[in-house]
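Reading through the structure tokens given below for one structure.
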Amino acid sequence: MPVSYKDLGLSNTREMFRRAFEGHYAVPAYNFNNMEQLQAIVTACVETRSPVILQVSSGARKYANQTLLRYMAEGAVKLAREIEKAHGAHQESPITLHLDHGDTFDLAKSCIDHGFSSVMIDGSHLPYEENIKLTKQVVEYARPRDVSVEGELGVLAGIEDKVMAEKSTYTRPEEVVDFVGRTGVDSLAISIGTSHGAYKFKPEQCTRDERGVLVPPPLRFDILREVEKKLPGFPIVLHGASSVIQEAVATINKYGGAMKDAIGVPEEQLREAAKSAVCKINIDTDGRMVMTATVRKVFVETPAEFDPRKYLGPARTALIEMYKRKNREVLGSAGRYGKEF
Ligand code: G3H
Ligand code: 13P
Ligand code: ZN
């Protein structure tokens, strides 16, 4: 029996994006694979009074199990409402459950039938007409169910789930009106120089500052501005938007890791993007790295420890802090549904 996201207390992205567009901020889309990540994301976003998109890749869905995920999402909404009640909040902050980089119609359909309120269908690697056909097929299934659909034009370098793109292809602004019009998508992911993972830029693409830290090439804001002009008022999505926090890189390396020249998108550029038509910013790698840095530190400093709560607990605490800071200082999504708790 298919379940509707409405019965789980989830929201689609329509109203969220309308408010984000008008308020000049971006909704955080944080990926999760396990309980501690989910608890951290929900706690941080509810406590900062931010909307949130809980993002699940097909790999994460397999890892967590699709049935368990549906109940985890329902539990996350209940947790959010409990936190709000405990603080006497007058309004609820919206929560979306979103499929990240869906690559087939069947996967998107299955997620919709399991309670997702939003899906991405990523046909960006396909020839243009095939991307349109696949995306349109998903929109036709999603629309009567009031589920949001995100499409993508342009290819990001790095790993997009199973697909590894060696080189990025920037979005061509001259295609966006036709694509959005013919597919009926609710939002569009574009490629303006971000990329997935912890190694977004090769050292030869960068310069180095006085400390020897890599400085990446700037995002192509000119392309974003062109897209904004062509699609007035339309929500744009940025993937590959982790800043690859250098403190986390240093901690990982200090405690036995090996992440040389890991580099992300500078936060000032994300802050600028969040004020524009970019209504959704995707962050996964930063969460993975903060979690890993914390766990590595606990292992090295307390080698006799073997209770998972003693390393996953501190990792969860560190994640909450990181997500709160992103909401406040980078995306501008904090305080949008009442005063912070
Ligand atoms: O865009 C990719 C996301 O970071 C998800 O990664 O497929 O390894 O879960 P994953
Ligand atoms: P990062 O690898 O930069 O966190 O990007 C995540 C993402 O785009 C998920 O779709
Ligand atoms: Zn992505």
Side-chain angles (χ1 to χ4, degrees), residues 13 26-34 37-38 40-41 52-66 69 72 96-104 107-108 111 116 118-125 148-165 168-169 171 187-201 214 216 219 236-246 248-249 252 259 262-267 269-270 273-274 278-293 319 322-323 325-327 330-331:
T13 58
V27 179
Y30 296 133
N31 289 67
F32 76 97
N33 303 267
N34 63 32
Q37 289 172 314
L38 181 59
I41 295 166
V52 66
I53 297 173
L54 303 171
Q55 200 154 254
V56 178
S57 69
S58 64
R61 192 166 182 252
K62 271 193 216 103
Y63 179 79
N65 178 279
Q66 62 180 40
L69 248 183
M72 284 173 82
T96 292
L97 181 65
H98 173 82
L99 168 67
D100 191 24
H101 295 285
D103 56 350
T104 63
L107 174 62
C111 286
F116 281 58
S118 175
V119 292
M120 175 191 194
I121 183 71
D122 181 359
S124 62
H125 300 89
S148 309
V149 180
E150 174 186 325
E152 180 167 340
L153 269 180
V155 180
L156 271 68
I159 303 156
E160 285 198 343
D161 218 331
K162 283 161 275 177
V163 190
M164 173 75 194
S168 72
T169 316
T171 303
S187 63
L188 181 69
I190 62 168
S191 170
I192 57 165
T194 60
S195 84
H196 288 102
Y199 304 93
K200 299 196 185 301
F201 307 98
L214 293 173
L219 297 182
I236 300 301
V237 177
L238 268 198
H239 282 248
S242 280
S243 52
V244 184
I245 302 161
Q246 290 302 304
V249 178
I252 288 172
M259 295 193 73
I263 183 99
V265 182
E267 288 188 343
Q269 292 181 41
L270 297 167
V278 170
C279 292
K280 172 176 180 271
I281 289 191
N282 286 10
I283 295 175
D284 184 0
T285 300
D286 282 343
R288 294 177 179 198
M289 291 182 59
V290 164
M291 194 162 203
T292 300
L319 281 177
M322 187 271 286
Y323 291 130
R325 196 186 63 75
K326 292 267 182 197
N327 293 352
V330 184
L331 290 97

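Indexing begins at 1, ligand by ligand and atom by atom, following the structure's order. Residue numbers count from 1 along this sequence.
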Within a distance under 4.0 Å of any heavy atom of [X], pick out the atoms of ligand 1 and give their elements.
X	answer
His196	1 (O), 2 (C)
Asp100	1 (O), 3 (C)
Asp284	3 (C), 4 (O), 5 (C), 6 (O)

Restricting to ring-ring contact (aromatic ring centres under 6.0 Å, His included), what partner residues turn up for Phe32, sequence neighbours left out? none

With a 3.5 Å distance limit and no angle check, can you tell me whether [X] reaches the backbone of [Y] through a side-chain donor-acceptor pair?
X	Y	result
Ser118	Thr13	no
Thr169	Gly154	no
Ser124	Leu153	no
Gln246	Ala262	yes

Does any donor atom in the side chain of Asp100 or Asn31 lie under 3.5 Å from an acceptor atom in the other side chain? yes

For the Zn ion (ligand 3), which N, O or S atom of His239 is at the shortest distance? ND1

I need the contact type for His101 against ligand 1. Using non-hydrogen atoms and a strict under-4.0 Å cut-off, is it side chain, backbone, both or neither? side chain

Hey, would you say the His125 and His101 ring centroids sit under 6.0 Å apart?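 Distance test on ring centres: not under 6.0 Å, no.
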
Would you call Arg288 a ligand 1 contact, heavy-atom distance under 4.0 Å?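 The answer is yes, since Arg288 has a heavy atom less than 4.0 Å from ligand 1.
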
Mark the output for Ser57 as yes if a heavy-atom distance to ligand 1 is under 4.0 Å, and as no if none is. yes

Quick check for you: to the nearest 0.5 Å, what is the distance between Thr194 atom OG1 and Leu270 atom CG? 8.5 Å

What residues sit with at least one heavy atom under 4.0 Å from ligand 2?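 Residues within 4.0 Å of ligand 2: Asn31, Gln55, Asp100, His101, Ser195, His196, Gly197, Lys200, His239, Gly240, Ala241, Ser242, Asn282, Ile283, Asp284, Thr285.
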
Option passing side-chain hydrogen bond (donor to acceptor under 3.5 Å, both in side chains) with Ser243 (candidates Lys326, Gln269, Lys200): Lys326

